[in-house]
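Below is one structure, written out as structure tokens; the observations come after it.
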Amino acid sequence: MAHVVVIGAGQAGSSCVAKLRNGGYDGKVTLIGAEPVPPYQRPPLSKAYLMGDMTLERLFLRPESFYDELDIQLRLNARVDAIDAQARTVAIGGDVLGYDDLVLTTGSEPNRLPAAMGGALDGVHVVRDLADVDGMAPRFVKGAKVLIVGGGYIGLEAASVAAKLGLQVTLVEMSDRILQRVAALETSDFFRALHKGHGVDIREGVGLETLLGEGSVSGARLSDGAELDVDFVIVGVGIRPATVLAEAAGVVLENGIKVDAQGRTSVSGIWAAGDCSSFPYRGGRIRLESVPNAIDQAEVVAENIMGAGKEYVAKPWFWSDQYDVKLQIAGLNTGYDRVVTRRTDADSVAFWYYRGDELLAVDAMNDPRGFMVGKRLIESGKSPAAELIADPATELKALLKA
């Protein structure tokens, strides 16, 4: 009997095995996860779950019984030691599993501070998995002093939860501005004002020199010479694709695991999807760190294992929740040369990214209509005149028919 083995029990892995079964695959299916719990949502970890507004069971993508019902062998708390691509086997402890197709949905890993900077001190946390958030949650007590290193979306989301719970929050970003790598000046300005309005001390153009303390972190020295007393630290300085297993198996890497448009790697019988993989996109190659990409790409891989011969066409979109603001992002802003602001009321605003006359992306804050219309325009290749977008009297839906 044919056997599909999926390594990585996150959003992509869970989506892949579900699609296999729902698509009629009748061979063996095994999903291997390193964590002791079934696949779960990661985005709420740093928001609703950390706030205490979501229980562990509500995090699960599907109840554990789902996998039994669909005859999916779910192996939890299991780490894969090696892949033998020639023999088509996977080693897990003393077990060796044979496979016909292997799917790598190994996700990504957080960048950590080096031990020389105090990264190994107790009280220094990253935000990536359930254990990370469970480990830091008891420290979120009113009045505690937290230092957040990194002004990307993970750092800002953690800052919003900490501020809402009454902690004293300092956030440092070594670049000139928060969100510099991923967003326009306008979006950075919006979120800087939002966080400062909630009492967060944001320091831009300032890096961390070292953490202080013996055994446990107790302070921080910044690149401008300032010293802070801290009770704990959250490090949000990006993630990297988890590629160790793939590389050891001889799979070609290029900004992650390199796959073709159908999700195949350079090694026969091995596929990849989600955060760990880079794929063709509009004449180039990209890697997307998002839930929609993990789901959609993994489902295409499942279909192709069953012989569909289908190419994955990414439709990038993302979101972030901070305080009472929901940011929704459609498209990719790479290469933009101007930003058009559209404000229809006091509580919502959207920034539309253009390269010349081409619409690339939209950052919509509490503007679901702007997001949905922008997303549909980008996916259909339509680029309305910037002047129309800037005019609050323009009916956005009408632009879809133009």
Side-chain angles (χ1 to χ4, degrees), residues 1-39 61-62 64-109 241-253 256-277 279 294-295 297-310 312:
M1 181 183 291
H3 187 191
V4 176
V5 174
V6 181
I7 302 175
Q11 184 78 65
S14 178
S15 298
C16 183
V17 296
K19 189 70 172 180
L20 284 168
R21 283 298 189 233
N22 291 331
Y25 182 80
D26 59 3
K28 289 176 62 180
V29 177
T30 300
L31 177 60
I32 303 169
E35 297 183 69
V37 293
L61 292 166
R62 299 170 175 90
E64 197 161 355
S65 60
F66 166 87
Y67 302 94
D68 289 332
E69 290 164 5
L70 290 189
D71 193 22
I72 296 166
Q73 184 177 14
L74 184 61
R75 297 192 58 159
L76 301 177
N77 221 11
R79 291 193 177 273
V80 174
D81 299 314
I83 298 164
D84 186 331
Q86 189 170 1
R88 295 204 177 197
T89 59
V90 170
I92 311 172
D95 285 351
V96 176
L97 298 181
Y99 67 82
D100 295 275
D101 289 281
L102 176 67
V103 187
L104 300 177
T105 54
T106 46
S108 51
E109 302 167 340
T243 59
V244 171
L245 278 174
E247 185 173 16
V251 174
V252 171
L253 306 183
I257 300 170
K258 182 179 181 180
V259 300
D260 65 13
Q262 293 189 19
R264 293 185 181 87
T265 72
S266 61
V267 175
S268 178
I270 301 182
W271 312 70
D275 283 13
C276 66
S277 71
F279 55 89
I295 296 171
Q297 190 184 18
E299 290 186 345
V300 168
V301 166
E303 291 179 68
N304 289 336
I305 288 172
M306 294 185 285
K310 182 177 179 181
Y312 174 54

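Every value quoted in this text rests on a predicted model; they were computed, and no experiment measured them. In this chain, numbering begins with 1 at the start of the sequence shown. FYI, side chains are in, hydrogens and waters are out, and symmetry mates aren't considered; it's all heavy atoms of this structure.
- Here the side chains of D275 and P241 are not in contact, with every heavy-atom distance at 4.5 Å or above.
- Residues passing the side chain to side chain donor-acceptor pair (under 3.5 Å) test with Q11, sequence neighbours excluded: none.
- Using a 4.5 Å heavy-atom threshold, the side chains of T30 and V6 count as separate.
- Distance check: K28 NZ to L97 CG gives 7.0 Å after rounding to the nearest 0.5 Å.
- Of the possible polar contacts, none joining the S15 side chain to the A298 backbone as a donor-acceptor pair under 3.5 Å is found.
- Between E299 and I295 there is a side-chain heavy-atom pair separated by less than 4.5 Å.
- To the nearest 0.5 Å, atom CE of residue M306 and atom CG of residue D101 are 11.0 Å apart.
- Contact of the Q262 side chain with the K310 side chain is not registered, since no non-hydrogen atoms from C-beta on lie closer than 4.5 Å.
- Checked by atom type and distance alone, the side chain of N304 never pairs as donor or acceptor with a backbone atom of G307 at under 3.5 Å.
- Residue-environment remark: CG (N77) exceeds the threshold of 12 foreign heavy atoms within 6.0 Å.
- Within the 4.5 Å cutoff, no side-chain heavy atoms of W271 are placed close to those of V259.
- Applying the salt bridge (charged side-chain N to carboxylate O under 4.0 Å, His left out) test to every pair with at least one member in residues 1-16, sequence neighbours left out, gives no pairs at all.
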Show which side-chain atoms of residues 81-92 pair as donor or acceptor with protein atoms under 3.5 Å away, not counting sequence neighbours.
{"residue": "D81", "atom": "OD2", "partner": "G93", "partner atom": "N", "Å": "2.7"}
{"residue": "D84", "atom": "OD1", "partner": "Q86", "partner atom": "N", "Å": "3.1"}
{"residue": "D84", "atom": "OD1", "partner": "A87", "partner atom": "N", "Å": "2.9"}
{"residue": "R88", "atom": "NH1", "partner": "D100", "partner atom": "O", "Å": "2.6"}
{"residue": "R88", "atom": "NH2", "partner": "S268", "partner atom": "OG", "Å": "2.8"}

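- With contacts defined as side-chain heavy-atom distances shorter than 4.5 Å, the pair V80/I32 qualifies.
- A 4.5 Å side-chain heavy-atom check between L31 and C16 finds every atom pair outside the cut-off.
- For S277, the side chain to side chain donor-acceptor pair (under 3.5 Å) criterion is met by Q297, not counting sequence neighbours.
- Considering every non-hydrogen atom in both I257 and A272, the closest pair reads CG2-CB, 3.8 Å.
- Partners of A248 by side-chain contact (heavy atoms from CB on, under 4.5 Å), not counting sequence neighbours: none found.
- Looking at H3, its side chain does come within 3.5 Å of a backbone N or O of G98 through a donor-acceptor pair.
- Within the 4.5 Å cutoff, the side chain of V4 has heavy atoms near those of the L20 side chain.
- For the pair R21 (side chain) and D71 (backbone), a donor-acceptor distance under 3.5 Å is present.
- Although no hydrogens or angles enter the test, the distance criterion places a donor-acceptor pair under 3.5 Å between the side chain of T105 and the main chain of I7.
- With sequence neighbours left out, the side chain to side chain donor-acceptor pair (under 3.5 Å) criterion links Y67 to S14.
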